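Because the structure is a prediction, the values reported are computed rather than measured.
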Amino acid sequence: MRLLMVFLTGALFSAGLMISGMINPAKVIGFLDVFGDWDPSLAFVMAFAVLVYAIGLRFVLKRPKPLFEASFSLPKGSVIDRKLVGGAILFGIGWGLVGLCPGPAIAALGAAPGQAAIFVVAMLAGMLATRMLQRS
């Protein structure tokens with residue numbers, strides 16, 4: 001049952017990304033180009049997502065535990081260090097250059113697999129390189 005819920009949640013998230021246009025790199029770059037030909041439509045998507053999350057989180061955290069897990073996996077760290085800031089900067093630069101971030105890239109594999117596949121392979125290589133550097 002847990003795997004079915006993971007699949008359904010991922011499918012719902014992917015559908016939302018596709019319907020909102022988040023898997024379209026040109027739309028995302030248009031949203032990020034605030035000093036050029038700015039497309040504010042994704043701001044509404046973001047605002048609605050934050051609203052749904054803020055309301056839903058209040059109800060979810062009132063439960064003693066998730067429906068299909070033994071406990072909640074919430075972030076424990078609150079330290080803003082060089083690794084966090086550096087990762088955020090790299091993420092932002094990559095998102096601005098390519099118009100994809102990890103979730104939409106994986107969702108885009110079904111719609112435009114060519115460009116998304118290149119991004120996903122590069123993303124996985126970056127994740128592997130980061131793990132190797134952290135171990136050394």
Side-chain angles (χ1 to χ4, degrees):
M1 186 64 159
R2 181 184 174 277
L3 286 178
L4 176 65
M5 293 310 296
V6 168
F7 175 78
L8 292 175
T9 304
L12 179 63
F13 183 63
S14 293
L17 292 172
M18 288 183 195
I19 292 169
S20 69
M22 287 288 295
I23 66 166
N24 180 355
K27 187 168 186 72
V28 172
I29 289 173
F31 171 69
L32 296 173
D33 188 12
V34 293
F35 298 112
D37 191 19
W38 188 48
D39 175 7
S41 62
L42 290 181
F44 296 109
V45 173
M46 187 182 312
F48 188 70
V50 168
L51 178 68
V52 169
Y53 174 78
I55 293 170
L57 187 64
R58 289 180 182 265
F59 289 108
V60 167
L61 291 182
K62 286 183 179 177
R63 300 182 54 83
K65 66 180 189 74
L67 290 175
F68 301 103
E69 288 290 336
S71 64
F72 289 106
S73 297
L74 299 173
K76 295 181 179 84
S78 60
V79 177
I80 299 173
D81 58 6
R82 286 182 13 200
K83 286 172 48 177
L84 178 66
V85 173
I89 290 170
L90 284 174
F91 179 90
I93 290 171
W95 197 34
L97 288 174
V98 181
L100 285 172
C101 61
I106 293 171
L109 285 174
Q115 293 177 343
I118 294 169
F119 180 90
V120 170
V121 168
M123 176 182 72
L124 293 174
M127 293 168 69
L128 182 63
T130 300
R131 283 191 183 185
M132 291 172 63
L133 286 172
Q134 287 177 336
R135 288 184 184 161
S136 62

Locate the shortest heavy-atom distance separating A43 from F31; write the atom from each residue and the value. N-CE1, 3.5 Å
Taking atom NZ of K62 as the centre, report whether more than 12 heavy atoms of other residues, nucleotides or ligands fall under 6.0 Å from it. no
Check the surroundings of atom CG in D81: do more than 12 heavy atoms from other residues, nucleotides or ligands lie under 6.0 Å from it? yes
Neighbour count above 12 (heavy atom, 6.0 Å) for F68 CZ: yes
What side-chain hydrogen bond (donor to acceptor under 3.5 Å, both in side chains) pairs are there with at least one residue in residues 2-14, not counting sequence neighbours? R2-E69
Considering non-hydrogen atoms only, spot the tightest contact between I29 and G99 and give its length. CG1-CA, 3.7 Å
Within a radius of less than 6.0 Å around CD1 of I80, do more than 12 heavy atoms belonging to other residues, nucleotides or ligands occur? no
L61 side, atom CG; R63 side, atom CZ - distance, nearest 0.5 Å: 11.0 Å
Assigning hydrophobic clusters by single linkage (Ile, Leu, Val, Met, Phe, Trp, Tyr; side-chain heavy-atom cutoff under 4.5 Å), is L51 placed with L57? no
Can you confirm whether more than 12 heavy atoms, excluding those of M127, are under 6.0 Å from its CE atom? no
To the nearest 0.5 Å, what is the distance between CD1 on I106 and CG on L100? 10.5 Å
If you draw a 6.0 Å radius around CZ in F48, do more than 12 non-hydrogen atoms from other residues or ligands fall strictly inside? no
Value rounded to 0.5 Å, distance of CE in M5 from CG in L12: 9.5 Å
In terms of hydrophobic clusters joined by side-chain contacts under 4.5 Å, are M46 and I19 together? no
Rounded to the nearest 0.5 Å, how far apart are CG of N24 and CG of L42? 9.0 Å
F91 versus C101, closest heavy-atom pair with distance: CZ-CB, 3.4 Å
Applying a strict under-4.5 Å side-chain criterion to I, L, V, M, F, W and Y, I'd like to know whether V98 and I89 cluster together. yes
Show the nearest heavy-atom pair for residues M123 and P102, with the distance to one decimal. SD-CB, 3.4 Å
For the pair W38 (side chain) and D33 (backbone), establish whether a donor and an acceptor sit closer than 3.5 Å, ignoring hydrogens and angles. no
Heavy-atom closest pair (V28 atom, W95 atom, distance to 0.1 Å) is CG1-NE1, 3.4 Å
Kindly determine whether S41 and K27 satisfy side-chain contact (heavy atoms from CB on, under 4.5 Å), including the steps that lead there. CA-CA 9 Å; S41 62; K27 187 168 186 72; 2.8 Å; yes
Quick check on the hydrophobic clustering: are F119 and L90 connected, directly or via other members, by side-chain heavy-atom contacts under 4.5 Å? no
Restricting to non-hydrogen atoms, name the atom on A107 and the atom on L17 that form the minimum distance, rounded to 0.1 Å. CB-CD1, 4.1 Å
Co-membership, hydrophobic cluster, residues L109 and F7, 4.5 Å side-chain: no
